[in-house]
Amino acid sequence: MSSPFIDYEKELNEAQYEAVFIDEGPAMVIAGAGSGKTRTLVYRVARLVETGIDPESILLLTFTRKAAAEMMDRASQLLDVRCRSVSGGTFHSIANYILRKYGDLIDYPNYSIIDRGDCGEVIGYIIGELGIKRKELKLPRNSTIIDIISKSINKSLEIADLLEIYYPHLSDLAPVIGELALRYEKYKKERKVMDYDDLLVNLKTLLIEFPGVRQFLSNKYRYIMVDEYQDTNRLQAEIVKLLGEDHRNVMVVGDDSQSIYSFRGADFRNIMDFPGIFPDAKIIKLEENFRSTQPILKLTNAIISRARQKYTKCLFTKRKGGVLPKLVIAWNESEQSEWITKKILSLTSEGINLKNIAVLFRSSFHSFDLEVQLAKHGIPFAKYGGLKFAEAAHIKDLLAHLRVFLNPHDHLSWNRILKLLPGIGQATANKVTNWLDSDIPSLDRFSEYVKTQKGTMKILNELVNLFDKLSDPSLEVKDLVEEVRKYYEPIMTNKFDDYPKRLRDLEYLQEWCAPFQSLEQFLTDMALEPPEVSRAPSDFAERPDFLTLSTIHSAKGLEWKVVFVIHAADGYFPSRHSLYREDDLEEERRLMYVACTRAKEQLFIIYPETGKDSYYGQVTLEMSQFIRGFEGEFADVVRARNELYGKSYPETVSSGYGLESLRTGRGFTIKAGDVLKHPDLGMGVVLEIMNHNKARVFFKKRGIRTIDLKSVKDGQWVV
DNA sequence: GTTCAACCTCTTTTT
DNA sequence: GAGGTTGAAC
């Protein structure tokens, strides 16, 4: 069928075309890295809508909401605005959407969503309630216990079996952890809270126990598409099956060699099993790579060819030319950072935008040193992955006030906000929450309680006042946030000595919350789809062109002209945690594959030869086993030092800031780039020397400050 | 009994 | 840098 708007035949290759033109029935698209997977999904959405299918009956399940939004956007540009009404989002957000409607059927008429940190606190609370002695039993930390419980749900394994496989050293604790898991379930039911797993579990329960609802939903979502299917877990696969078994219009798209989420229960065997669930599924492979140059593709194919599991396809490209990837050996971490910084400066001087460059790493702390170096050279960057914005203590503090206001049953949040007040610790907080819990908790009840109190407890009046202010029904979400901010900022300034950064975060939150119509929506979104940057953009990141620093997990599905993979040494990448189990190591290999396949034109893999270990001191590091042996044929090897100090590189690089040095009153010289330790402000990097014995300094904790050099005493210069 | 500052350790990846 | 633990101070 030809379209008046879209020239499918011209814009798609044969395999893509075949996938796009599947109208009905089950299908599985195996899409290699850079093979136009998104393109295929976008064109299929456009085509379905073009043939007259109601966009709302198309359900597009993606890994992040942003991915869904982007696809709908592109489809709209291709066809028309109808594509914007496609039902799209993550499994969790769709589950939430459905459960908000039908929750009363499974005894969840209303609920709040708790994040990983909250879950840990619940465990801590339960341990306290049960009077368990942490130390005697050698219990692991709360977060580990939560990991165990969550994994057992996502992998449908008994706690004891799971411990045997993944945490053998904790095997003895199976009965205790099992008990904790039961109590944890009970707590969540009683308090009407759900964690991430509950959203999926409860959706599945709903679909199974209420066939009428299942049929209704199945009829509503007549075309289901699932992106990144290799990273779905058992539970998600079952949900897809339940929603799809009536009409069987289910298309899943994925790449088994890019599965990198088994740690959270994903099972790439879902891909292998799909034809088992839908025996007549059409299987289409996208094997032509449009992203990378020939040499990069050769290396990435080599990386994945060493995998134990043989994968289902082999990628090729028609692109000619391109330069060999480079393996760079640095002496230590700081030389690694230095080399990257200089390379980036030389790339930008060649006219490549920072937007086209990414630095990728296994773990978020791998970039700490580089972040300082980049700041030193005035290179703006945004960091993705690691500690989430919404997980930072100050953001959680602020939100806790709103959560209590919305839901006075929220025992965790009460606890959190009470303990912020001076003179109130765990014991007093317990007194208050116990009293609240002895009847139906409400804000009125709280204010009554406070009236009867004397002494230290008087301070609680401040909270009562805050809730009074919040109760004004004319307030919008942004006003509510602002009120809490006014209340909380002094507390925060007191509590954290790095408050300037955190103040910026609150401003960012203030902006971010503005579009929300209801407090509930805002809080739900903060749990399910929080802002993706790790912290509010600094002065640097506000500039339009900035570098991307990202964990590989957060870089999934993205691409850049130039990619640096750092810390490519055994112990870092693969992570030392993965060295004991073959499956884990194989997942790390796929992670390296994902990292390298992000590169379109230039790929640099770099590692430090020496590292610091808290126990052994300085240690020698080996090149990552995933790339060892590829020197020569697949990649050039260079030493960072030769490039840094050889003739081809200038001794100093213009940082955009004044470079002249300055003699201070005490007779030593400093210049831009020097590192110093300020008695009050901590570690900082000198950005610029100014007149009158002053300097602009970037402090790790406080941001950019101007300091008087006369106040800096001898011996405070670190470098 | 309670709070809180100072010290310690250990840092995987995320909806 | 965030979490837990400890011990001094109220």
Side-chain angles (χ1 to χ4, degrees), chain A residues 61-67 89-96 113-117 119-121 124 134-135 139-144 146-147 150-151 154 194-200 228 231-233 235-236 259-266 360-366 368 384-388 390-394 396 419-431 455-456 494-498 501-502 524-530 532 534-535 550-556 567 571-579 584 587-588 590-591 594-595 613-615 682-683 700-701:
Chain A
L61 291 162
T62 55
F63 209 68
T64 61
R65 192 185 297 172
K66 195 173 140 228
T90 61
F91 274 91
H92 291 88
S93 65
I94 297 292
N96 176 58
I113 298 169
I114 56 175
D115 70 14
R116 240 7 204 291
C119 300
E121 269 170 54
R134 281 204 106 87
K135 270 194 151 168
L139 276 183
R141 27 167 71 184
N142 293 339
S143 57
T144 310
I146 284 295
D147 278 350
S150 171
K151 251 197 192 137
N154 280 300
M194 290 200 203
D195 61 21
Y196 294 131
D197 299 330
D198 291 327
L199 288 168
L200 301 181
E228 310 279 12
D231 285 325
T232 55
N233 62 31
L235 214 45
Q236 291 166 319
S259 133
I260 54 176
Y261 275 91
S262 77
F263 70 90
R264 89 175 196 214
L360 305 180
F361 32 86
R362 171 67 183 85
S363 310
S364 67
F365 71 92
H366 291 168
F368 288 167
Y384 300 87
L387 186 70
K388 295 278 148 0
E391 286 163 358
H394 52 298
K396 294 203 72 173
K419 285 201 294 186
L420 286 173
L421 294 163
I424 297 186
Q426 190 58 70
T428 316
N430 280 348
K431 228 185 269 170
T456 330
N494 225 320
K495 183 174 169 191
F496 301 100
D497 56 356
D498 60 347
K501 229 159 94 180
R502 295 177 194 260
T524 300
D525 256 55
M526 281 305 285
L528 289 182
E529 292 281 335
E532 9 161 36
S534 323
R535 40 167 205 260
S550 177
T551 59
I552 297 161
H553 285 90
S554 299
K556 181 175 167 145
H567 275 295
Y572 288 97
F573 190 7
S575 142
R576 63 193 165 85
H577 302 282
S578 69
L579 301 174
D584 290 348
E587 177 147 316
E588 300 274 313
R590 294 191 293 270
L591 203 52
V594 169
D613 185 289
S614 55
Y615 190 69
M683 296 287 284
K700 237 178 125 179
K701 292 190 172 176

Of the nucleotides B:dC4, B:dT15, B:dT13, which has the atom closest to the A:P422 side chain? B:dC4
Base, sugar-phosphate, or nothing: which does A:F91 touch, judged by heavy atoms less than 4.0 Å apart? nothing
Residue A:R264, side-chain heavy atoms: nucleotide from B:dT14, B:dT3, C:dG4 that is nearest: B:dT14
Counting heavy atoms from C-beta on, name the nucleotide in B:dT13, B:dT15, C:dA2 closest to the side chain of A:T64. B:dT15
Which nucleotide sits closest to the side chain of A:R502: B:dC4, C:dA2, B:dT14? C:dA2
Under 4.0 Å between any heavy atoms, over every strand shown, what does A:L199 touch: base, sugar-phosphate, or nothing? Just pick one. nothing
Taking CZ from A:F263 and P from B:dT14, how many angstroms apart are they, rounded to a whole number? 6 Å
Please report, rounded to the nearest Å, how far the C1' atom of B:dT15 is from the NZ atom of A:K151. 15 Å
What is the nucleic acid contact for A:S554, judged by heavy atoms within less than 4.0 Å: base, sugar-phosphate only, or nothing? sugar-phosphate
Interatomic distance, A:N233 CG vs B:dT15 P [rounded to whole Å]: 14 Å
Over all strands shown, is A:T428 touching base, sugar-phosphate only, or nothing at heavy-atom distances under 4.0 angstrom? sugar-phosphate
Position toward the 5' end of DNA chain B (nearest nucleotide), A:E587 or A:K419: A:K419
Rounded to whole angstrom units, what separation is found between the NE2 atom of A:H394 and the C1' atom of C:dA2? 13 Å
Candidate nucleotides B:dT15, B:dT13, C:dG1, ranked by approach to the side chain of A:Y196 - the nearest: B:dT15
Using side-chain hydrogen bond (donor to acceptor under 3.5 Å, both in side chains) as the criterion, point out the one residue from A:K501, A:K495, A:R502 that pairs with A:H394. A:R502
All side-chain contact (heavy atoms from CB on, under 4.5 Å) counterparts of A:N154, not counting sequence neighbours: A:S150, A:D197, A:N233, A:L235
Among the nucleotides B:dT15, B:dT14, C:dA2, which one has an atom lying closest to any side-chain atom of A:H92? B:dT15
According to a strict under-4.0 Å criterion, is A:R141 in side-chain N/O contact with OP1 or OP2 of C:dT5? no
Among the nucleotides B:dT15, B:dT3, B:dT13, whichever has the atom closest to the side chain of A:S363 is B:dT13
Look at the side chain of A:Y196 and the backbone N and O of A:A527, then say whether any donor-acceptor pair between them is shorter than 3.5 Å. yes
So, using side-chain hydrogen bond (donor to acceptor under 3.5 Å, both in side chains) as the criterion, who are the partners of A:K151 when residues are at least two apart? none
According to the 5.5 Å centroid and 30° plane-angle thresholds, does A:F63 stack upon the nucleobase of B:dT15? no
Which is true for A:S93 with a 4.0 Å heavy-atom rule: it touches a base, it touches only sugar-phosphate, or it touches nothing? nothing
Looking only at heavy atoms, what is the nearest atom pair of A:P574 and A:E588, with distance? CA-OE1, 3.3 Å
A:F368 CZ to C:dA2 C1', in whole Å, measures 10 Å
Under 3.5 Å, is there an N or O donor on one side and an acceptor on the other linking the side chain of A:R116 and the base of B:dT15? yes
